[in-house]
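In what follows, a structure is listed as structure tokens, so that the remarks can point back to it.
Atom set for the values below is all heavy atoms of this structure, side chains included, hydrogens, waters and symmetry mates excluded. All chains are named by letter (A, B, ...) in the order of the sequence lines, taking the proteins before the strands, and each is independently numbered beginning at 1.
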2 protein chains.
Amino acid sequence: MTRTEENYIKTIFHLGGNQSQLISTNAIAEQMQTKPSSVTDMAKKLTEKNLLNYIRYQGVSLTDLGIKTALSIIRKHRLWEVFLVKKLDFTWDEVHEVAEQLEHIKSEKLIDKIDELLDFPKYDPHGDPIPSKNGDFQERDKQLLSELKTGNQGICVGVKDTSATFLKFLDKNNIALGNSIQVIEKEDFDMSMRVKVEGRNLQLSNQVSTNLYVKVLESN
Amino acid sequence: MTRTEENYIKTIFHLGGNQSQLISTNAIAEQMQTKPSSVTDMAKKLTEKNLLNYIRYQGVSLTDLGIKTALSIIRKHRLWEVFLVKKLDFTWDEVHEVAEQLEHIKSEKLIDKIDELLDFPKYDPHGDPIPSKNGDFQERDKQLLSELKTGNQGICVGVKDTSATFLKFLDKNNIALGNSIQVIEKEDFDMSMRVKVEGRNLQLSNQVSTNLYVKVLESN
DNA sequence: ACAAATTTTTAGATTTGTCTAAATTTTAAT
DNA sequence: ATTAAAATTTAGACAAATCTAAAAATTTGT
């Protein structure tokens, strides 16, 4: 498998092509910064290799083999991210670009040893779950901060937007995964909300609250 | 720089193209398992990029920029080898293949942090020196075991042949870098020699003694 | 249901890195 | 100093991954 092929498989997975949902060549092209015609060519090629199901004019979905392949790449990507943060003191906004390269290194032993070195982490620095060696992983029980009701309390467990600008914004406001967060007041006008993060009062815009995942603590 | 270009630069360095010595397209092709005509094409391309000096029908040598580039790649390769052995328990015969991939990862911060994590090692698992960040490195004072005279004593400091078969042979015979070694007797007939390695007697063929580097301990 | 707009595919071209076969240059031998 | 042998380059072709422009299919609006 070439690096390009792996990137297609990974992108299709992230667009939902694992739920036997058909993903359009247009959507893939947009995500990958390429043209729909290029996607069509690759769709044919990957179908030939039994990684995709492709229906002309409809879109593609991943086969079982395709899903397995995608999970393997995602596992590598997320483990490398943990490695960079835990062992090399990278910040969570610096890891993505490098992990994009490292995820393509071909050595089963290497990634298993990295997994072991990190003591088999379950989540990456952005709170996303890391598939196990045999490909299973459970999405954490979480919801967007914006979905919480006034008074609800939770723990920050992940981010939806993983861009450096958003992550740095969170750093600057001392919001980190694991922090407790409580909704004090929601503003109908602009959907912003006042929250308490680890005891500190903050005003967060809708843009922020729709990109921060929390695990709700049941009040009773 | 593409991965292929980097591999050409690295190969030319190893063939001596740093000493402003001209390396033939034939020699490069043989080393890289490709055809001389392909090398010619790449020679033109890399000359265009100011990495090579190329004289038609004569060969190529590295420019200053080419040497700097080669040293950067070799630095990465050797640091990754140390990482694999020291942090992930790879054996010295397993590291080459994986390091060939890792050496192409583009991130200055990454390799500097790996260097730091390893506490700035000077030599890789095969005894080869690791260029510093600014590109200087000194070849260790060493000679082939085969060059020693009867009675000479030394320390194993490196291998010339880094193939898995040779390295496993050394493992099997409990010969490791850092071991003391003394020449007991040299056989004129087949150039084999009887040696004492850390007190144990061994008979080594010429093939072995011409691939093991030692640092001679001056008798007086 | 049909025309217009949108999406997708096809056809043909481009770039990178490679190859084979033929032509050219250099080296070696007498 | 020629000629034969060896090494090197050129010319033309190919595969992978991409693009643009045109054609075809699908979706949408009325």
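Using a 4.0 Å heavy-atom distance criterion, B:S37 is classed as a base contact. Using a 4.0 Å heavy-atom cutoff across all strands shown, A:T4 reaches sugar-phosphate atoms only and no base atom. Contact annotation for B:T25: backbone-only contact, meaning every heavy-atom pair under 4.0 Å involves sugar-phosphate atoms and none involves a base.
Between the C1' atom of C:dT27 and the CG atom of B:N26 lies a distance of 13 Å, rounded to the nearest Å. Rounding to whole angstrom units, CD1 of residue B:I28 and P of C:dT18 are separated by 12 Å. For the pair B:E5 CD and C:dT18 P, the interatomic distance rounds to 10 Å; values are reported in whole Å. The NZ atom of B:K35 sits 16 Å away from the C1' atom of D:dA13 (whole-angstrom rounding). Straight-line distance from the CG atom of A:L22 to the P atom of D:dT27: 11 Å, rounded to whole Å. Separating the CD atom of B:E48 from the P atom of C:dT16 is a distance of 12 Å, rounded to the nearest angstrom. Atom CG in A:N7 sits roughly 18 Å away from atom P in D:dA16 (whole-Å rounding). A straight line from CG of A:L46 to P of D:dA16 spans 12 Å, rounded to a whole angstrom.
The cationic atom of A:K44 (NZ for Lys, CZ for Arg) does not lie both less than 6.0 Å from the six-membered ring centre of A:Y54 and within 45° of the ring axis. A cation-pi contact, defined as under 6.0 Å to the ring centre and within 45° of the axis, links B:K109 to A:F90. A cation-pi arrangement is absent between B:R78 and B:Y123 under the rule of less than 6.0 angstrom and at most 45 degrees off the ring axis.
Every residue two or more places apart in sequence or in another chain that forms a ring pair (Phe, Tyr, Trp, His ring centres under 6.0 Å) with B:H96 is listed here: B:H77.
B:D171 and B:W92 form a side-chain donor-acceptor contact under 3.5 Å, judged by distance and modelled atom types alone. Side-chain polar atoms of B:H14 and B:Q31 form no donor-acceptor pair below 3.5 angstrom. With hydrogens and angles left out, the side-chain atoms of A:S132 and A:D136 include a donor and acceptor closer than 3.5 Å.
Between C:dT18 and B:S38, no contact under 4.0 Å exists linking OP1 or OP2 to a side-chain N or O. Contact between the side-chain N/O atoms of B:K44 and the OP1/OP2 oxygens of D:dT9 is not found at any separation under 4.0 Å. The phosphate of C:dT8 (OP1 or OP2) has no side-chain N or O of A:Y54 nearer than 4.0 angstrom.
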Nucleotide N/O of nucleotides 24-26 of chain C paired with protein N/O under 3.5 Å:
from   : atom 1 : to    : atom 2 : distance (Å)
C:dT25 : O4'    : B:Y57 : OH     : 3.4

